[in-house]
2 protein chains.
Amino acid sequence: MPSDKALDDILLGPADRTSPCAACDVRDVSICAVLDPDELKRLEKIVTRLAVQPRETIFCEAAPAEYLFNVTGGAVKVYKLLADGRRQITGFFFPGDFLGLAHLNKYAYTAEAIEEVRLCRFSRRKLEKMLEQYPKLEKHLLQTASNELASAQDQMLLLGRKTARERIATFLLALSERAKRHGRSGERVNLPMSRGDIGDYLGLTMETVSRTFTRFKNDGKVELTGARHVTLQDRQALCRLAGLVEDEPVSAVAGSL
Amino acid sequence: MPSDKALDDILLGPADRTSPCAACDVRDVSICAVLDPDELKRLEKIVTRLAVQPRETIFCEAAPAEYLFNVTGGAVKVYKLLADGRRQITGFFFPGDFLGLAHLNKYAYTAEAIEEVRLCRFSRRKLEKMLEQYPKLEKHLLQTASNELASAQDQMLLLGRKTARERIATFLLALSERAKRHGRSGERVNLPMSRGDIGDYLGLTMETVSRTFTRFKNDGKVELTGARHVTLQDRQALCRLAGLVEDEPVSAVAGSL
DNA sequence: CGGGACTTTGAGCAAATTCAACCATTGTGG
DNA sequence: CCACAATGGTTGAATTTGCTCAAAGTCCCG
């Protein structure tokens, strides 16, 4: 959803302009999907739309978790750090994803914009009040948490037991699945994040990521058209490597990836 | 809570016997803690108590998630497998832990008893009905999921970025914290699981686990009294290795570990 | 164009794995 | 009650995968 007032005037009729959420382009994949128009209006009252520039942090690990976010544009990485700077990216968040699930009122990780990011921001306190009146919302939150948990467990299997090639294959297929779910091709996959980010997500170094990409290219499994763009050429081989019987699962719904 | 009727007669007065949950020794750390006596009575009506022998599976990954469980005795390991048998244990569950969170109505992992395990089993269908009437319960379920998520993210950092020694140190401290929370010493730590299980949990081989234990012993960090029992001797050194500033966190509440 | 950030490639290295043998503990049957 | 088989744990040597350090190459963008 563009937060730009002028843009709203161009894109929306006057009726819709009173309800920007109703016209949000990620509405049907986001948490708002479960709300009816009346409820949506209440939600709008407590929402702030904002933009974050690349490399800016959205919130920091261990800070009081005052806000929750809905990503409406751009890509976000979330990570945890060790004292000496080693970093583990625990997820990437894209439009439609819900961000900011906390533990004991502290953020469990730092969130940082990769590209220019657009967000809907909710006060946790106010949202919690709404939760009491709309159990649907609470149920959906539980759903979101359970999705995130499922992908976290897949990721543990990847980090603990898969080889570098298996990790990269799994990663590319997950991105491809996500692109498909959002109506994009599924063969052409965009990589908004750097090689270093991919490494920190998969528990590898950027060098290993790079080498594995070139190896896949030489094997005819993928085509690399610029560093931030991959075309899957032998999906079946990638599935076999990733440990998927056939195409489907990877991480069925959003959450992280 | 013993499910044995005769044992109940011995241990409990007639008033308590009508409400075994009220006398459950993990009641105050488990999901039941949020229920008042009346609600507890309703819960009891839909609960089945059962015992599972070591190495028996409680449920299987990808099977329809018909039941939820509360562990009341013994230790459970939950894991995911790759086609060639590589295994990642995603968590250990102990008395008081809630087991069986599912994704898309399928279990996300296989659960297997390590020792003899005692469980309270709920039908998911019936519990969901109760959920609608007791929002407290739903809130607590969300809490449980969020705890599990937080430890899953800690585990990703461990699996992706920590060395073998750091992993083992983190593991021992987490077990120690749990023992403390349950009123046990915190220095003497019990290891109901095998070296292989520890390896599959930490993304290592059993040989590396074993070598690291002996190295810790030689360094005076721990004492090994029998394979399934460790005494922490230099907690500060272990904390430093684990990447903890001081003693506390690791994984603040249950969920897994 | 030129400069900076990111990516790729190469060579040597190291942590953890693999494979194999040995040891300890436990429980069972002779 | 002891011998011995079975299971799980430890130790060693060789190997390997992925890492580190270093240099060269690319791609944006102003």
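All values below were derived from every heavy atom in this structure, side-chain atoms included, with hydrogens, water molecules and symmetry-related copies excluded. Just so it is clear: chains get the letters A, B, ... in the order the sequence lines come, proteins before strands, and each one is counted from 1.
- Side-chain N or O atoms of A:T72 include one that pairs as donor or acceptor with a backbone N or O of A:R118 at under 3.5 Å.
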- Message: One character per nucleotide, please: for nucleotides 7-22 of chain C, 5' to 3', B when the base has a protein heavy atom closer than 4.0 Å, S when only the sugar-phosphate does, - otherwise.
- Response: SBBBB----SBBB---
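- In this entry the distance linking CG of A:D200 with C1' of C:dC6 reads 14 Å, nearest Å.
- Each end of the helix from C:dC1-D:dG30 to C:dG30-D:dC1 gets its own axis from five base pairs, and the two axes differ in direction by 30°, given to 10 degrees.
- Judged by distance alone, the side chain of A:R235 and the main-chain N or O of A:G186 form a donor-acceptor pair under 3.5 Å.
- Of the charged side-chain nitrogens involved, at least one lies within less than 4.0 Å of a carboxylate oxygen, so that A:E166 and B:R86 count as a salt-bridged pair.
- Between B:F69 and B:F59, the ring planes are parallel. Angles under 30° get that label, and only those over 60° would be called perpendicular.
- Using a 4.0 Å cut-off between charged nitrogen and carboxylate oxygen, A:E112 and A:R55 do not count as a salt-bridge pair.
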- Could you walk me through whether A:K77 and A:D200 pass the salt bridge (Lys or Arg N to Asp or Glu O under 4.0 Å) test, one step at a time? CA-CA 10 Å; A:K77 64 185 174 199; A:D200 282 347; over 6 Å; no
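- A:Y67 meets the ring pair (Phe, Tyr, Trp, His ring centres under 6.0 Å) test with no other residue; sequence neighbours excluded.
- In the model, A:Q88 has no side-chain atom that pairs as donor or acceptor with a side-chain atom of A:Y79 under 3.5 Å.
- Atom-to-atom, CD1 of B:I114 to C1' of D:dG8 comes out at 15 Å; the value is rounded to the nearest Å.
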